[in-house]
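All chains are named by letter (A, B, ...) in the order of the sequence lines, taking the proteins before the strands, and each is independently numbered beginning at 1.
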Amino acid sequence: MSTDLDQLWPLLFPAIGQTLRMVAAVMLIVIAVGTPVGVVLHNSSPGALFPHRALRATLSWVVNLGRSLPFLILMAAIIPFTRYVAGTTIGVSAAIVPMSLAGIPYFARLVETALREIPREATEAGRAAGGSRLQVIVSVQLAEALPALAGSLTIAIVGMLEFSAIAGTIGAGGIGYLAISYGYERFDTTVMTATIVTLIVMVQVIQFTGDRVVRRLSH
Amino acid sequence: MIRVEKLHKTFGTGTRARPVLHDVDLTIAQGTIGAVVGPSGAGKSTLARCVNLLERPTSGRVRVAGTDVTDLPERELRDARRAIGTVFQSANLLRRRTAAQNVAMPLRYLGVTAREEKRRVAELLERVGLADRAADYPAQLSGGQRQRVGIARALALRPKVLLSDEATSGLDPAATRSVLALLRELTTDLDLAILLITHEMEVVREVADTAALLREGRVVESGPVRQLVADPHSALGNALLPDRPVSRDRRGLGTWRLTYQGHAVPTDWLTRLGADHGLDVHLLSATVEEIAGRAAGRATVAVGHDRAEELTAALGGWGIHAEPLPEPPSPVPADEPAAPGPASETTAETVEEAVV
């Protein structure tokens, strides 16, 4: 059994919309929380702005915890938490909770890695110029790491797109849901193919755009 | 004025404690350049970091422009850092900012108005001779130009004290000379006190007024450069003005090592020894150059044993310090190098250099 091509679009179009909304909402949360976490991870390490062994060890442990569970398992494991936060365990808003939880530590590590590439001397120059720690973080570390951060952002968006597809399995909607409910459960080859093509195109567009931005930012 | 008193710095604690600086004393007056030299690992950079307050001393005091900055709390430390300009090795410019934006960094942190910032940045870039490169990114500038931007940035907040941590390392000789000339000029024009951390003797010779030799975290020698080069037994003086290899043929002659410095010594002392004193002087090696604004020289000469007293008397009259070098242990065949003496290889250029 297979959906006709003229029936495909009404299925696919809202699904793409849901996926984009899901990824966009999650990315906002991930950037807002993951960036500071990454900054603290980097700067609590020895020789950085505020070395703090205990803080770093704790934060690193928590981040690793968030990164060690496969997304599907994490999603199932935190259902009570999701219900508490989102009030429901199905749909787009329910998917945002586990996706953010998985995305924040993921992005935090990417930010940490990007900041680590900035020479320590640049940070010192900022300090010597009379900058406060916050000023140095913003105007030296994050500003200098901007091309690398744009690259991290690209990776994270693609990652979140993947998570959104997995979240489809618990009824989060979007392309993942379409692929599972039509392509997998009903063996609908047309829908299956369409979702795959859509995902491939989305990833390519995201990566292409990301690469362009990185190039624009590099001097 | 930069004043470092009994500075100790130890990294780590307990069994892992690693002492880096012991009892370091250092004073650099306004309008002068004080160099700290030493081999790598001697603690030079740690000393620099203690002075620009990126590192806290374990004990001892650091005074910058009259303020004791040793125990300042973090907030006031930031204000204190603004009174100290730091020029780093390789300039440490932000790659994604133009020269002008890099120079503006300390002004931004301080929070001056956009108009004031623009005016001051233009003035600073003009000062270091880079007014036409304001919009260039560091990657578009040469090493020497980047370092000039670094200097302009360090001067942005009108500090009384400048710290240069290996600022000329990695620059080619011409760029080094121009950066040093700029530092010299700024010292005089802005009445700065500059602490110059370097491992290059050339740099000290070129611009320093005073110098301190740091070895294994201790100041083993220090003083005005003029005095150091005038002292025949100063390790720093000898490093600044090394003895040249000595021509080997000195049979039957007494050999003397001469050290001199200053305006009192006539530049034609060698010919005068012959013309006025009738001495037959053999010049075996010599260097003469201007250090800290005055001629300084080292020479090895030989005269007949019977004329030794006349020689020392004549030299002493001009203020040239002379000390006898030991005789070679046995007559040395002309084709073998003489053993003792400051050095033992004959090089024609050495003598020629001396005559010039």
Present all donor-acceptor pairs from chain B to chain A with distances below 3.5 Å, rounded to 0.1 Å.
| residue | atom | partner | partner atom | Å |
| --- | --- | --- | --- | --- |
| Arg49(B) | NH1 | Glu124(A) | OE1 | 2.7 |
| Arg49(B) | NH1 | Glu124(A) | OE2 | 2.3 |
| Arg49(B) | NH2 | Glu124(A) | OE2 | 3.1 |
| Glu74(B) | OE2 | Arg127(A) | NH2 | 2.9 |
| Arg82(B) | NH2 | Gly130(A) | O | 2.7 |
| Asn92(B) | ND2 | Glu121(A) | O | 3.0 |
| Arg95(B) | N | Glu144(A) | OE1 | 2.8 |
| Arg95(B) | N | Glu144(A) | OE2 | 3.2 |
| Arg96(B) | N | Glu144(A) | OE2 | 3.0 |
| Arg96(B) | NE | Leu217(A) | O | 2.9 |
| Arg96(B) | NH1 | Ala143(A) | O | 2.7 |
| Arg96(B) | NH2 | Leu217(A) | O | 3.3 |
| Arg97(B) | NH2 | Ser139(A) | O | 2.6 |
| Tyr109(B) | O | Gln135(A) | NE2 | 3.2 |
| Tyr109(B) | OH | Ser139(A) | OG | 2.6 |
| Tyr137(B) | OH | His219(A) | NE2 | 3.3 |

* Who are the salt bridge (charged side-chain N to carboxylate O under 4.0 Å, His left out) partners of Glu5(B), not counting sequence neighbours? ->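 Result, salt bridge (charged side-chain N to carboxylate O under 4.0 Å, His left out) vs Glu5(B): Arg3(B), Arg63(B).
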* Asked: Which residues satisfy the salt bridge (charged side-chain N to carboxylate O under 4.0 Å, His left out) test with Asp132(B), sequence neighbours excluded?
  ->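 So Asp132(B) forms no salt bridge (charged side-chain N to carboxylate O under 4.0 Å, His left out) with any residue.
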* Among the options Leu157(B), Leu94(B), Leu107(B), pick out the one with the most heavy-atom pairs lying under 4.5 Å from chain A. =>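 Most heavy-atom pairs within the cutoff with chain A belong to Leu94(B).
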* To do: Scan residues 141-160 of chain B for pairs that pass ring-ring contact (aromatic ring centres under 6.0 Å, His included), counting only residues two or more places apart or in two chains.
  =>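 ring-ring contact (aromatic ring centres under 6.0 Å, His included) check on residues 141-160 of chain B returns no pairs.
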* Asked: Is the number of heavy atoms from other residues, nucleotides or ligands under 6.0 Å of Ile90(A) CD1 greater than 12?
  ->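 Not buried by this count: 12 neighbours or fewer within 6.0 Å.
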* For Phe208(A), does the CZ atom sit with more than 12 other heavy atoms under 6.0 Å from it, leaving out its own atoms? ->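 For Phe208(A), atom CZ is not crowded (no more than 12 foreign heavy atoms under 6.0 Å).
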* **Heavy-atom contact with chain A under 4.5 Å, split by part of Leu77(B)** =>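 Contact with chain A involves no heavy atom of Leu77(B) at all.
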* To do: Below 4.5 Å from any heavy atom of chain A, which atoms of Leu54(B) appear? Answer side chain, backbone, both or neither.
  =>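 Looking at Leu54(B), just its side chain touches chain A.
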* Asked: Given the options Ala128(A), Ala122(A), Ala129(A), which has more heavy-atom pairs under 4.5 Å with chain B than any of the others?
  ->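 Max contact count across the listed options: Ala129(A).
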* Between chain B and each of Gly130(A), Gly126(A), Pro119(A), count heavy-atom pairs under 4.5 Å; write down the option with the most. =>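 If we count pairs closer than 4.5 Å to chain B, Gly130(A) comes out on top.
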* Can you say whether Ile118(A) sits under 4.5 Å from chain B via the side chain, the backbone, both, or neither, judging by heavy atoms? ->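 The side chain, not the backbone.
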